[in-house]
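Quick note: numbers below take in every heavy atom, side chains included, and nothing from hydrogens, waters or symmetry partners. Each chain gets a letter, A, B and so on, in the order its sequence line appears, and its residues count up from 1. The structure presented is a predicted model; accordingly, all values stated were derived computationally and were not measured.
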Amino acid sequence: MTPPLTDERIFEVVRRIPPGHVATYGQIARLVGRPRGARRIGYALHRCPSGLPWHRVINAQGRISLPADSTSGLAQRRRLSEEGIVFISGRIDLDRYGWDDAAN
DNA sequence: CGTGTGACGCGAG
DNA sequence: CCTCGCGCCACAC
């Protein structure tokens with residue numbers, strides 16, 4: 001009887017991702033108690049409030065899940081770069097920049 | 001109500 | 001590396 005997962009619940013977790021680090025959709029899903037609800041995360045982020053560090057959320061392959069040529073896609077990549085995150089062949093090394101939520 | 005649709009994930013081939 | 005399929009969750013029609 002799990003209650004409906006609200007967007008706010010998701011945003012709370014996203015807000016905890018420290019600058020210079022990234023989290024995956026699946027990771028956020030697990031943190032809110034929906035191990036297989038990764039899709040739900042993307043749905044919520046698509047309509048997230050301003051001020052939320054949405055750019056720190058990427059997919060499990062370390063890639064940005066937005067069209068590379070889209071306005072938001074380019075913005076995400078730029079903002080991550082500004083935080084010191086390095087892209088290698090359009091990909092982010094999760095072992096290095098992945099947010100270690102367990103220790104937080 | 002049934003159906004479609006994602007800023008997803010993961011295993012197979 | 002790539003594509004296909006299926007599971008998943010909430011929501012718009």
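- The hydrophobic cluster containing A:Tyr43 does not contain A:Ile64, counting ILVMFWY residues as joined when their side-chain heavy atoms lie under 4.5 angstrom apart, directly or transitively.
- Contacts of A:Ile64 with the nucleic acid, taken as non-hydrogen atoms under 4.0 Å apart, are absent.
- Between the CG atom of A:Asp7 and the C1' atom of B:dA7 there is a distance of 13 Å, rounded to whole Å.
- Counting non-hydrogen atoms of neighbouring residues, nucleotides and ligands closer than 6.0 angstrom, the CZ atom of A:Arg15 exceeds 12 such neighbours.
- Using a distance-only test at 3.5 Å, with no hydrogens or angles considered, no donor-acceptor pair links the side chain of A:Gln27 to the main chain of A:Val57.
- Between A:Tyr43 and A:Gln61, the one whose closest nucleotide on DNA chain B sits nearer the 5' end is A:Tyr43.
- Criterion: ILVMFWY side-chain heavy atoms under 4.5 Å apart, direct or through other members. Under it, A:Trp99 and A:Phe87 are part of a common hydrophobic cluster.
- Judged by closest nucleotide on DNA chain C, A:Arg39 is the one of A:Pro4 and A:Arg39 placed further toward the 5' end.
- At the heavy-atom level, A:Arg91 lies under 4.0 Å from the strands shown only through sugar-phosphate atoms.
- First and last contacts of DNA chain C with chain A, using any nucleotide atom under 4.0 Å from a protein heavy atom and ordered 5' to 3', fall at C:dC1 to C:dC11.
- Look at CZ on A:Arg47: it is 15 Å from P on B:dG6, rounded to the nearest Å.
- Contact between A:Arg63 and A:Arg91 at its shortest, heavy atoms only, is CG-CG, 3.8 Å.
- Atom-to-atom, CD1 of A:Ile10 to P of B:dC8 comes out at 13 Å; the value is rounded to the nearest Å.
- Mapped onto DNA chain C by nearest heavy atom, A:Arg36 and A:Arg63 fall at different nucleotides, with A:Arg63 at the one closer to the 5' end.
- Placement of A:Val86 and A:Ile92 within a single hydrophobic cluster is found when ILVMFWY residues are connected by side-chain heavy-atom separations under 4.5 Å, directly or transitively.
- Across the P atoms, B:dA7 and C:dC13 are found 16 Å apart, a figure rounded to whole Å.
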